[in-house]
2 protein chains.
Amino acid sequence: MNLRELSDLLGLSQTTVSRALNGYPEVKEATRLRVTEAARTHNYHPNTRAKSLATGRTMSIGHVIPLSNQHEMVNCVFSDFIAGAGESYARRGYDMRVSVVDDADEIEAYERLASTGKVDGVIVHGPRLDDERLPLLHQLGLPFVVHGRSSDCTTPYSWLDVNNRSALHRATNFLLDLGHTRIGLINGIEEMDFAMRRRDGYTTALEARGIKVDPDLTHAFEMTEPFGYAKTRDMLDLSDPPTAVIASSLIPALGVRRAVEERGLTIGKDVSIICFDDALSYLPNGAGSPIFTATRSSVRDAGRRCGEMLMDQIEGRTTEPVHELWEAELVVGQSTGPAPTR
Amino acid sequence: MNLRELSDLLGLSQTTVSRALNGYPEVKEATRLRVTEAARTHNYHPNTRAKSLATGRTMSIGHVIPLSNQHEMVNCVFSDFIAGAGESYARRGYDMRVSVVDDADEIEAYERLASTGKVDGVIVHGPRLDDERLPLLHQLGLPFVVHGRSSDCTTPYSWLDVNNRSALHRATNFLLDLGHTRIGLINGIEEMDFAMRRRDGYTTALEARGIKVDPDLTHAFEMTEPFGYAKTRDMLDLSDPPTAVIASSLIPALGVRRAVEERGLTIGKDVSIICFDDALSYLPNGAGSPIFTATRSSVRDAGRRCGEMLMDQIEGRTTEPVHELWEAELVVGQSTGPAPTR
DNA sequence: ATCATTTTCCAAAGCGCTTTGGATAAACTT
DNA sequence: AAGTTTATCCAAAGCGCTTTGGAAAATGAT
């Protein structure tokens, strides 16, 4: 059932039927009713491809996911973000187009999205310090919103970010206040902007108390469980081991916990742990009371809001770049306690 | 730059240019070269929407993700599947269209995908015992591949599934052979077909040794960490607690471990754990040697293969339904040992 | 040199929708 | 009653591509 068939059936022109269905005023209320009724009973739904060709709009939003063994974008955090974004898309009639591409083809993928007109806009994931994607998208004229920020980028753009610097600053201070001075950091890959900001918050807090950052206590890599485990083991082997560890995500924190418990040490007593909790639905930080003391900010909410920001931009509701900086909350769980006295 | 502009530029008709670019034989090799060259230098890429309107093909594949607080589809397992599927799509020029919908609108979402011609086919996630989506898609004539199976479904369809029954049968036998007789099961929601089959494997193995299933030892719910934790606590409180627990995924297994260690019990000695490991990239079962003894099957590989099966079907390379039953491998880790003697 | 083939190219008709620029009928003015 | 406005509706022209049915040019056969 297409528009022509439906309009033939109703004895109306395609114009009128189209207008009736799309809520234009140039059609009598009675006819509109007749049309919508017929559309429903005959189960008519306009062909998306034709509609999109005619309007120039696709009602879909792109997400480019680089896939490499180097750095893994498709992860739990990503899927929660997707869930949030997808939810906001659905509410406004959009959907999501995901392109999984080889690391090397990422730039080309954005160019292709723009030149073939597959999407009305894109969300940029995992920005790096000086991310080449942002000027590219700007130049391509493809609307975009960045989840995170790119510190050294000069082109204006909309972003939504968690205040990673302040989150880690507060987490570090929290541990310092408990008397810890040897504080390990299990960070994400530091080409990532968020990881750099986190390290900055950590460093600043330590140095404000006159503590120099010990390179043996800071590690940056893919945020997996085994990484947290391995690096914690290494740190516990030091002659002057840390009494607290900050992990960049719940997942490496699980590895930290494993390494600590394996040594027969008690969490929250011998070793304190704080992690950054993205409030993942599948891996909640405990049910009810939190397991880990954590800086928390829901990545799902971020996805939802990024989606809204992008759709607003696409629809011309906002014209200037929009920035949102969210503060993470510091929730106290069972994984932290005063520094052990030797 | 569109086709007309390009052909004007070349002094050729749109027909010839189109044919040259799409590899049709009715064009001189010299002209084809001239055309492809011009297309490259002028950075011409055919508009997807127009192409798709003309061909009737969209080169995209749908994934419908129901979102509810009841049952959470968007999770780590899902994202690894997506990564695999997306990879195979990219290789053959497809991409992925994800619709996040409210639980109640799921059926309608499939109908809409079909009637508006947004996709060439869909992957069905998380089939239930007698899943209404399969006959619906069959009737809509929309190609699909099921990740998993629907036991009570009579319409023919293509699927790829892990042999969940045999995996749990072997895991249970492995524990029985070690002398365990009180074996707990932390299962997924048992409306899900895979969970039902797992329970079946567990039950059959126990009963073959004359052991009756104890309802106090089997629990089914959303596969989260807190669920694994809570139920393990409950079971350890029993007068006759389990000496081994089988978890349906690595994530609840983490909860099981937490509950066990909290009691001061040793894993692999006081309590053995086996889990189903989907070989998630972000949450690997250890690096190198596995932490948990596990039945393992890569969900990412499954995504890859499901994508291929669906594209083969869409392109008419396969005409009959295809079935693939993968055997999970049983890898022995540090979480299992002989049943403790009382 | 003539006719039959084959090769190479083109004009034009869709694909299913939106939207512009009227036309017609109805309602309102004076 | 005639002129003016307004409310309804329509024919037709795109949107940018593919593809059908020829035509023109080049090639081969006689």
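All chains are named by letter (A, B, ...) in the order of the sequence lines, taking the proteins before the strands, and each is independently numbered beginning at 1.
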How many whole angstroms separate atom [atom1] of [X] from atom [atom2] of [N]?
{"X": "A/Arg4", "N": "C/dC17", "atom1": "CZ", "atom2": "P", "result": "10 Å"}
{"X": "A/Leu3", "N": "C/dT18", "atom1": "CG", "atom2": "P", "result": "7 Å"}
{"X": "A/Met1", "N": "C/dC15", "atom1": "CE", "atom2": "C1'", "result": "17 Å"}
{"X": "B/Glu29", "N": "C/dT6", "atom1": "CD", "atom2": "P", "result": "20 Å"}
{"X": "B/Leu6", "N": "D/dC17", "atom1": "CG", "atom2": "C1'", "result": "13 Å"}
{"X": "B/Leu53", "N": "D/dG14", "atom1": "CG", "atom2": "P", "result": "17 Å"}
{"X": "B/Glu26", "N": "D/dA25", "atom1": "CD", "atom2": "P", "result": "19 Å"}
{"X": "A/Asn47", "N": "D/dC17", "atom1": "CG", "atom2": "P", "result": "17 Å"}

Does a side-chain N or O from [X] land closer than 4.0 Å to OP1 or OP2 of [N], or not?
{"X": "A/Tyr24", "N": "C/dT20", "result": "no"}
{"X": "B/Lys28", "N": "C/dT7", "result": "no"}
{"X": "B/Thr31", "N": "C/dT8", "result": "no"}

Pair [X] + [Y], salt bridge at N-O below 4.0 Å:
{"X": "A/Glu191", "Y": "A/Arg128", "value": "no"}
{"X": "B/Arg92", "Y": "B/Glu308", "value": "no"}
{"X": "A/Lys118", "Y": "B/Asp95", "value": "yes"}

Pick one: which of A/Leu140, A/Leu142, A/Val146 meets side-chain contact (heavy atoms from CB on, under 4.5 Å) with A/Phe144?
->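 One option only clears the test, and that one is A/Val146.
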Would the B/His125 and B/Phe81 ring centres measure less than 6.0 Å apart?
->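 Yes.
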Of residues 12-22 of chain B, the positions that come close to DNA chain D - non-hydrogen atoms, cut-off under 4.0 Å =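 Here the set is B/Gln14, B/Thr15, B/Ser18, B/Arg19, B/Asn22.
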Please confirm whether the backbone N or O of B/Arg304 pairs with a side-chain atom of B/Ser88, one donor and one acceptor, at under 3.5 Å?
->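 At least one qualifying donor-acceptor pair exists.
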Indicate yes or no for a side-chain donor-acceptor contact from B/Arg32 to the backbone of B/Tyr24 under 3.5 Å, with no hydrogens or angles considered.
->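 Yes; judged by distance alone, with no hydrogens or angles, the pair exists.
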Tell me which nucleotide among C/dC15, C/dC9, C/dT18 gets nearest to the side chain of A/Thr55.
->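 When the side chain of A/Thr55 is considered, C/dT18 is the closest of C/dC15, C/dC9, C/dT18.
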Out of C/dC9, C/dG14, C/dC17, which has the shortest distance to the side chain of B/Ala54?
->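 My answer, after comparing the listed nucleotides, is C/dG14.
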For A/Ser52, which contact category applies under a 4.0 Å heavy-atom criterion: base, sugar-phosphate, or nothing?
->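 Nothing, no nucleic acid heavy atom in range.
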